Structures are given as C-alpha cells and as structure tokens.
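A short write-up of the structure that comes next.
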Protein chains: 2
Amino acid sequence: MLETDKYQYMAEVIKAMAHSSRLLILDKLREREYCVCELQELIGADMSTVSRHLAVLRNAGIIDSRKHNNQVFYSLLCPCVLDIFSCVMEVRKQNGRGLK
Amino acid sequence: MLETDKYQYMAEVIKAMAHSSRLLILDKLREREYCVCELQELIGADMSTVSRHLAVLRNAGIIDSRKHNNQVFYSLLCPCVLDIFSCVMEVRKQNGRGLK
DNA sequence: TGGCTATTTGGCAAAATTGACAATTAGCGC
DNA sequence: GCGCTAATTGTCAATTTTGCCAAATAGCCA
C-alpha cells in the first residue's frame with residue numbers, strides 16, 4: 001500500500017467518525033446493539049438523517065448491521081475505536097482550554 | 001460538560017485529523033519537529049495550503065509551533081494521537097477489504 | 001534601509017458534507 | 001391481499017471544507 005493511499009484510507013475512516021452524532025452513536029454502541037429508532041430518540045434528528053450517519057459508519061467498516069424482524073440493529077465492529085475517545089480527552093486536558 | 005458538548009468538542013478534534021495531508025503531517029511529527037517548507041516538500045501542495053492545514057491542527061490543540069529565525073517549527077503536543085493510527089489500521093484489518 | 005526568504009492571511013471558486021422532506025422498500029400481523 | 005411500522009434512498013438547499021493565487025507580515029543579512 002502506497003504511503004499516499006495509506007493516509008487517504010485513514011482519512012476516510014477518521015472522517016467517518018468526525019461528527020458529534022456519529023460519536024454519540026459509537027459511544028452508545030459500546031454497551032450493546034441499538035436499532036435505528038432508539039438512536040433517533042437519542043440524537044433527536046430525522047430518522048433519515050440518523051440512517052445516513054449509520055451508513056457512513058458502516059461504509060467505513062466501523063460498525064455492522066443485522067436485521068431482526070422489521071428493525072435493523074447496529075453494533076460496533078472495532079471496539080478499539082473507543083481508544084480515540086480517551087485520546088481526544090487527553091488532547092483536551094493537554095491544552096486545557098478547549099479549542100481556541 | 002454536557003454530553004452534547006462533549007461529542008461536539010471531540011468531533012472538532014477528530015475533524016482536525018480527518019485529512020490525508022494532516023495525517024501525513026502528524027505521522028512525520030512523531031519523529032521530530034518540522035518546519036513548514038519541509039512539510040510542503042512532502043505534501044507537494046502550495047505552501048499556503050500547508051500553512052492552513054497546520055493552523056487547523058494547532059487550533060485543535062494537537063500540535064504546537066515555535067519560531068526560530070525566519071522559520072516556524074511544528075511539533076506534536078499529544079503523541080497519543082498516534083494511537084489512532086494503529087486503531088484505524090485495525091479497522092482496516094477487521095473488514096479486510098478497505099472501504100466499500 | 002532594502003532585498004530576500006519563510007510564513008500567514010484575504011478572497012474566491014470548486015467540491016464535499018449535512019439535514020430535512022418526500023418517496024420507496026422491507027417485514028410484520030390481520 | 002391490506003395497513004402499519006422501521007428503515008433506506010432521491011433530491012435539494014444551506015453550510016463547510018479545500019486549495020489556489022495574490023497580498024501582507026515577519027525576520028534575516030548585507
């Protein structure tokens with residue numbers, strides 16, 4: 001894999017996480033599976049919007065989906081994604097004051 | 001800090017990393033400080049573009065800058081950021097086939 | 001001081017992201 | 001089959017991001 005492609009690929013995955021609603025989704029999925037309608041409640045956006053956020057995460061290979069009756073349940077494929085949470089919080093501690 | 005604000009803040013930091021050029025910069029800075037013109041060589045974009053990428057990372061509190069003569073050297077503030085590299089590569093291994 | 005190099009900033013156009021509404025698909029139970 | 005719920009997809013406007021050129025700023029050295 002070319003260096004350039006490596007960064008390109010990584011950027012795709014990271015970009016998939018770079019949204020507050022999608023981070024909320026990932027944080028929730030650390031406990032258990034959630035269906036779209038539950039996530040919609042938590043996020044408070046249109047269901048179509050939530051569905052698109054989920055598609056972004058799924059296309060990036062971060063989460064997986066499974067159908068049960070007429071619901072779709074999403075689950076975390078790579079729990080390591082959550083390491084990023086603590087890392088980001090360390091960034092925050094480091095520079096104390098949040099974003100400039 | 002409200003949950004909502006937490007995800008918002010985290011998204012800002014992650015968004016700052018979500019670009020192939022900025023990932024290349026972070027990867028380079030793991031070895032040592034670099035000045036803007038060195039990074040420009042590596043990235044191959046206009047210097048003004050590189051300078052803006054650096055500003056994004058600095059505003060997110062991920063890197064720091066120091067002036068020496070008429071050059072500006074950038075360095076990594078939070079090396080933990082690099083944990084994300086291995087995590088993303090694990091995502092890639094997990095789903096094998098890169099992005100769909 | 002003036003010229004030179006390194007860097008940042010203003011402005012702008014092209015591209016990508018976001019989020020809503022409406023329409024469609026899929027699976028349930030009657 | 002029908003109606004109902006859950007979810008996805010089409011379309012589109014608003015916003016944000018990206019990257020270049022040109023102009024401005026800052027620090028060197030003669």
Side-chain angles (χ1 to χ4, degrees), chain A residues 4-5 7-26 28-29 32-75 99-100, chain B residues 4-5 7-26 28-29 32-75 99-100:
Chain A
T4 337
D5 293 342
Y7 296 124
Q8 196 58 56
Y9 173 79
M10 290 187 29
E12 299 294 335
V13 174
I14 294 177
K15 219 176 288 185
M17 297 192 255
H19 188 288
S20 56
S21 299
R22 297 200 286 270
L23 289 174
L24 185 153
I25 290 170
L26 293 177
K28 277 301 170 186
L29 293 187
R32 60 168 172 88
E33 291 188 322
Y34 275 80
C35 69
V36 185
C37 56
E38 285 178 304
L39 293 169
Q40 188 203 353
E41 284 267 317
L42 291 165
I43 294 174
D46 197 273
M47 179 175 277
S48 70
T49 299
V50 176
S51 179
R52 282 207 213 268
H53 282 309
L54 288 164
V56 169
L57 290 169
R58 183 155 38 75
N59 287 335
I62 300 172
I63 63 175
D64 198 13
S65 63
R66 128 188 121 79
K67 210 165 257 181
H68 180 255
N69 294 338
N70 57 342
Q71 288 182 309
V72 178
F73 287 90
Y74 284 88
S75 57
L99 296 174
K100 276 176 277 203
Chain B
T4 337
D5 292 341
Y7 295 122
Q8 195 59 57
Y9 172 78
M10 289 187 29
E12 298 294 334
V13 174
I14 294 176
K15 218 174 291 184
M17 297 191 256
H19 189 287
S20 56
S21 299
R22 296 199 288 270
L23 289 174
L24 185 152
I25 290 170
L26 293 177
K28 277 302 171 186
L29 293 187
R32 61 168 172 89
E33 291 188 322
Y34 275 80
C35 69
V36 186
C37 55
E38 285 178 304
L39 294 169
Q40 189 204 354
E41 285 267 317
L42 292 166
I43 294 174
D46 196 274
M47 179 174 277
S48 69
T49 298
V50 176
S51 180
R52 283 205 215 268
H53 281 309
L54 289 164
V56 169
L57 290 170
R58 182 154 38 76
N59 287 335
I62 300 172
I63 62 176
D64 198 14
S65 63
R66 133 188 117 78
K67 209 166 258 181
H68 179 253
N69 295 337
N70 57 343
Q71 288 181 307
V72 178
F73 287 90
Y74 284 88
S75 57
L99 294 175
K100 277 175 281 205

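The model shown is predicted, which means the values in this text are computed figures rather than measured ones. All heavy atoms count here, side chains included; hydrogens, waters and symmetry mates do not. Each chain gets a letter, A, B and so on, in the order the sequences are listed, and its residues count up from 1.
In this structure the side chain of B:Tyr74 never reaches within 4.5 angstrom of the side chain of B:Asp64, judged on heavy atoms. The side-chain heavy atoms of A:Leu26 and A:Met17, taken from C-beta on, include a pair separated by under 4.5 Å. You'll find the side chain of B:Ser75 stays beyond 4.5 Å of the side chain of B:Arg66, heavy atoms only. With a 4.5 Å cut-off on side-chain heavy atoms, A:Phe73 and A:Lys67 do not count as touching. A:His19 has its side chain out of reach of B:Tyr7: every pair of non-hydrogen atoms, C-beta onward, lies at least 4.5 Å apart. Within the 4.5 Å cutoff, the side chain of B:Ser20 has no heavy atoms near those of the A:Met10 side chain.
In summary, contact between chain A and DNA chain C, defined as any nucleotide atom under 4.0 Å from a heavy atom of the protein, begins and ends at C:dT17 to C:dC28 in the 5' to 3' direction.
Backbone-only engagement by B:Tyr74 is indicated by non-hydrogen atom pairs under 4.0 Å involving sugar-phosphate atoms exclusively.
Of the inter-residue distances, the one linking B:Cys35 atom SG with B:Asn69 atom CG reads 11.0 Å to the nearest 0.5 angstrom. Atom CE in A:Met47 sits 5.5 Å away from atom SG in A:Cys37 (nearest 0.5 Å). Here the NE2 atom belonging to B:His68 is positioned 9.5 Å from the CD atom belonging to B:Glu33, to the nearest 0.5 angstrom. Residue A:Thr4 holds its OG1 atom at 8.5 Å from CG of B:Leu24, rounded to the nearest 0.5 Å.
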What does the list of N/O pairs under 3.5 Å between the protein and nucleotides 28-30 of chain D look like, with a distance for each?
residue, atom, partner, partner atom, Å
D:dC28, OP1, B:Asn69, OD1, 3.3

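Toward the 5' end of DNA chain C, the nearer of the two residues A:Lys15 and A:Lys67, judged by each one's closest nucleotide, is A:Lys15.
Scanning residues 45-54 of chain B for heavy-atom distances under 4.0 Å to DNA chain C yields B:Met47, B:Ser48, B:Ser51, B:Arg52. Taken residue by residue, residues 17-25 of chain B places heavy atoms nearer than 4.0 Å to DNA chain D at B:His19, B:Arg22.
Listed by first and then second residue, the salt bridge (charged side-chain N to carboxylate O under 4.0 Å, His left out) pairs involving residues 34-46 of chain B are B:Arg32-B:Glu38 (not counting sequence neighbours).
The distance between atom OH of A:Tyr34 and atom P of D:dA6, rounded to the nearest whole Å, is 17 Å.
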>> One pair to check against side-chain contact (heavy atoms from CB on, under 4.5 Å): A:Leu23 and B:Ile14. What are the steps and the verdict?
In response: CA-CA 10 Å; A:Leu23 289 174; B:Ile14 294 176; 3.7 Å; yes

Indicate every side-chain donor-acceptor pair of residues 49-57 of chain A with a distance under 3.5 Å to a residue at least two apart or in another chain.
residue, atom, partner, partner atom, Å
A:His53, ND1, A:Arg22, NH1, 3.0

